[in-house]
*Asks:* 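Encoded as structure tokens, here's the structure I'll be asking about.
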Amino acid sequence: PWRVTADCDRMGMRLDGAALPFAPGHTTDILSDGIVPGAIQVPGNGQPIILLADAQTTGGYAKIATVIGTDLPRLSRLAPGDQIRFAIVTVAVAETLARTAQLALDAAIYLQHLLFHAVPLFWRLHRVHHADLDFDVTTGARFHPIEIVLSMLIKFAVILVLGPPAVAVLIFEVLLNATSMFNHGNVRLPARIDRVLRWLVVTPDMHRVHHSIDPSETNSNFGFNVPWWDRLFGTYRAQPRAGHDALTIGIEQFRERRE
């Protein structure tokens, strides 16, 4: 194992351990090479340096590897004296781990949505979203300010626990907001396309059921991004009981626009 030295900051983390030898004729310097957070460079003394967020973008010492993105948050929490081991990971495995982190975030959003329906105090906030008498793209942005803050704090907690890479979180947020606008859209896809698409993403027809005035339908189809959690946990409902044309949007308590 390698040991983290006291010589570490936001630019890089120097390690101490068995010196890595250079092959005969190879220099310790590189003329030009792109540098990303997690790049591992080896100076003349053979002791690796892991470059972090504020490191240079090109050049430096010989680069031998790069720490995968899902391990960077864990790496940044190491203190001087802590030990670290390296293992070879393929690009395919690294990408799978990043996608797994995004799926875990999506599962957390599904559970959060379920919680905001199940707990009366949270429902008082979330019903602002459901009180809309129309179902269109603006509904996807209609949330109580306190719910937005609580949702952000829950996501922060999940990120701290899982430690996903920043890129994975960014991609997840972009996808979450894009799919929220899509599945709240006042559109109807051809039935054959919708039937296939809802295996991959939450479609407007699928999510429209969730905005039914019927509580048994309101408490279904909680997914925002992917539909798999509803199918897995038994909260999936394919169609509203009365059909989409006869579906009433909203909640019983608020039926006038002035309310």
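It should be emphasised that the depicted structure is a prediction, and the values quoted were computed from it without experimental measurement.
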*Asks:* Would you say the side-chain atoms of Thr90 pair up with the backbone N or O of Val93, donor to acceptor, closer than 3.5 Å?
*Replies:*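 Indeed, once roles are kept as given, a pair shorter than 3.5 Å links the two residues.
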*Asks:* Determine yes or no for a side-chain-to-main-chain donor-acceptor pair under 3.5 angstrom, with His129 supplying the side chain and Arg142 the backbone.
*Replies:*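 Such a contact is found between His129 side chain and Arg142 backbone.
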*Asks:* Could you grab the distance from atom CD1 of Ile50 to atom CD1 of Ile40, nearest 0.5 Å is fine?
*Replies:*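 One finds 5.0 Å between CD1 of Ile50 and CD1 of Ile40.
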*Asks:* Is any side-chain heavy atom of Leu200 closer than 4.5 Å to one of Val226?
*Replies:*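 No; the side chains remain at least 4.5 Å from each other.
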*Asks:* Is it true that Phe182 and Val202 fall in one hydrophobic cluster, defined by side-chain heavy atoms closer than 4.5 Å?
*Replies:*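 No; Val202 is not reachable from Phe182 via cluster members.
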*Asks:* Just verifying a value: how many Å separate Asn221 CG and Arg231 CZ, rounded to the nearest 0.5 Å?
*Replies:*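 Asn221 CG to Arg231 CZ: 9.0 Å, rounded to 0.5 Å.
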*Asks:* Kindly say whether the aromatic ring centers of Phe233 and Phe222 come within a distance under 6.0 Å.
*Replies:*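 When the ring centroids of Phe233 and Phe222 are compared, they turn out to be at least 6.0 Å apart.
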*Asks:* Quick test of your reading of the model: are Arg241 and Asp214 salt-bridged, counting only N-O distances below 4.0 Å?
*Replies:*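 The answer is yes: the pair qualifies as a salt bridge.
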*Asks:* Could you check whether any side-chain N or O of Asn219 sits under 3.5 Å from a backbone N or O of Pro215, counting only pairs where one atom can act as donor and the other as acceptor?
*Replies:*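 Checked: pair present.
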*Asks:* Looking only at side-chain N and O atoms, does Thr5 offer a donor or acceptor that is under 3.5 Å from a partner on Asp7?
*Replies:*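 No pair is found: no donor N or O on one side chain lies under 3.5 Å from an acceptor on the other.
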*Asks:* Assess the residue pair Ile68 and Leu97 against the criterion (side-chain contact (heavy atoms from CB on, under 4.5 Å)); give the C-alpha distance rounded to whole Å, side-chain angles, the decisive distance to 0.1 Å, and a yes or no.
*Replies:* CA-CA 9 Å; Ile68 62 175; Leu97 290 172; 3.6 Å; yes
*Asks:* Donor-acceptor pair, distance only, cut-off 3.5 Å: does the side chain of Asn177 make one with the backbone of Glu173?
*Replies:*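 Yes; at least one donor-acceptor contact below 3.5 Å.
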*Asks:* Are there more than 12 heavy atoms of other residues, nucleotides or ligands under 6.0 Å from atom CZ of Arg3?
*Replies:*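 Counting neighbours around CZ of Arg3, more than 12 heavy atoms of other residues, nucleotides or ligands fall under 6.0 Å, so yes.
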*Asks:* Do the side chains of Asn183 and Val201 get nearer than 4.5 Å, heavy atoms only?
*Replies:*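 Contact flag for Val201/Asn183 side chains = no.
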*Asks:* Please assess Asp134 against Asn186 for the test side-chain contact (heavy atoms from CB on, under 4.5 Å), listing each intermediate value before the final yes or no.
*Replies:* CA-CA 9 Å; Asp134 297 314; Asn186 186 18; over 6 Å; no
*Asks:* Between Gln41 (side chain) and Ile64 (backbone), is there a donor-acceptor pair under 3.5 Å?
*Replies:*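 No, because the side chain of Gln41 does not come within donor-acceptor range (under 3.5 Å) of the backbone of Ile64.
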*Asks:* Would Lys63 and Ile35 satisfy side-chain contact (heavy atoms from CB on, under 4.5 Å), going step by step from the backbone distance to the final call?
*Replies:* CA-CA 9 Å; Lys63 185 173 70 175; Ile35 301 299; 4.2 Å; yes
*Asks:* Any sub-3.5 Å donor-acceptor pair from Trp228's side-chain atoms to Trp199's backbone N or O?
*Replies:*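 Yes, Trp228 side chain to Trp199 backbone: donor-acceptor pair under 3.5 Å.
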*Asks:* Would you find a donor on one side and an acceptor on the other, under 3.5 Å apart, between the side chain of Thr100 and the backbone of Thr96?
*Replies:*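 Present.
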*Asks:* Taking Leu175's backbone N and O only, do any of them form a donor-acceptor pair with Thr179's side chain (distance below 3.5 Å, no angle check)?
*Replies:*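 Flag set: sc Thr179 to bb Leu175 pair under 3.5 Å.
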*Asks:* When you compare the side chain of Trp229 with that of Ile109, does any pair of heavy atoms fall below 4.5 Å?
*Replies:*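 Answer no - side chains too far apart.
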*Asks:* Going by atom types only, do Asp16 and Trp2 share a side-chain donor-acceptor pair under 3.5 Å?
*Replies:*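 Trp2 and Asp16 do not have a side-chain donor-acceptor pair below 3.5 Å.
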*Asks:* Between Arg198 and Asp230, does at least one N-O distance fall below 4.0 Å, as a salt bridge requires?
*Replies:*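 Here Arg198 does not pair with Asp230 in a salt bridge, since their nearest N and O are not under 4.0 Å apart.
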*Asks:* Would a line drawn from the ring center of His207 to the ring center of Phe224 be shorter than 6.0 Å?
*Replies:*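 Yes, ring centres under 6.0 Å apart.
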*Asks:* Please report the interatomic distance CD(Gln112) to CZ(Phe122), rounded to the nearest 0.5 Å.
*Replies:*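 That separation rounds to 9.0 Å.
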*Asks:* Quick check: closest heavy atoms across Asp9 and Met11, and the distance to 0.1 Å?
*Replies:*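 Where Asp9 meets Met11 most closely, the heavy atoms are OD1-N, 2.8 Å.
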*Asks:* Of His184, Arg237, His117, Glu217, which is the lone residue that meets side chain to side chain contact (heavy atoms under 4.5 Å, CB included) with His210?
*Replies:*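 Only one option passes, and that is His117.
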*Asks:* Does the pair Arg188 and Asp245 meet the rule for a salt bridge (Lys or Arg N to Asp or Glu O under 4.0 Å), with working shown?
*Replies:* CA-CA 11 Å; Arg188 180 172 296 176; Asp245 290 336; 3.4 Å; yes
*Asks:* State yes or no: do Val89 and Leu72 share one hydrophobic cluster built from I, L, V, M, F, W and Y residues joined by side-chain heavy-atom distances below 4.5 Å, directly or via other members?
*Replies:*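 No, because Val89 and Leu72 fall into different hydrophobic clusters, even though each may have its own neighbours under 4.5 Å.
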*Asks:* Does Arg10, at its CZ atom, have more than 12 non-hydrogen atoms belonging to other residues, nucleotides or ligands within less than 6.0 Å?
*Replies:*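 Count not over threshold, so no.
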*Asks:* For the aromatic rings, using the six-membered ring if either is Trp, is the centroid distance between His130 and His211 under 6.0 Å?
*Replies:*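 Yes, the ring centres sit under 6.0 Å apart.
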*Asks:* Under 6.0 Å from the CH2 atom of Trp123, do we count more than 12 heavy atoms belonging to anything else shown?
*Replies:*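 More than 12 heavy atoms, drawn from other residues, nucleotides or ligands, come within 6.0 Å of this atom.
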*Asks:* Are the aromatic rings of His113 and His126 close, with centres under 6.0 Å apart?
*Replies:*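 Centroid distance His113-His126: below 6.0 Å, so yes.
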*Asks:* Report whether Val119 and Ile146 are members of the same hydrophobic cluster (ILVMFWY, side-chain heavy atoms less than 4.5 Å apart, transitive linking).
*Replies:*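 Result: yes, single cluster for both.
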*Asks:* Given Ile249 and Ser212, is the side-chain contact (heavy atoms from CB on, under 4.5 Å) satisfied, shown in steps?
*Replies:* CA-CA 5 Å; Ile249 300 294; Ser212 167; over 6 Å; no
*Asks:* Atom CG in Asp132, atom CD1 in Ile251: separation rounded to 0.5 Å?
*Replies:*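 The CG atom of Asp132 sits 10.5 Å away from the CD1 atom of Ile251.
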*Asks:* Between Asn225 and Tyr110, is any pair of side-chain heavy atoms under 4.5 Å apart?
*Replies:*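 Asn225 vs Tyr110: side chains apart.
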*Asks:* So, taking the atom named CZ in Phe172 and the one named CD in Gln102, what distance separates them when rounded to the nearest 0.5 Å?
*Replies:*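 It comes to 8.5 Å.
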*Asks:* According to a hydrophobic-cluster definition based on side-chain heavy atoms being under 4.5 Å apart (Ile, Leu, Val, Met, Phe, Trp, Tyr only), do Ile159 and Ile148 belong together?
*Replies:*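 Result: yes, single cluster for both.
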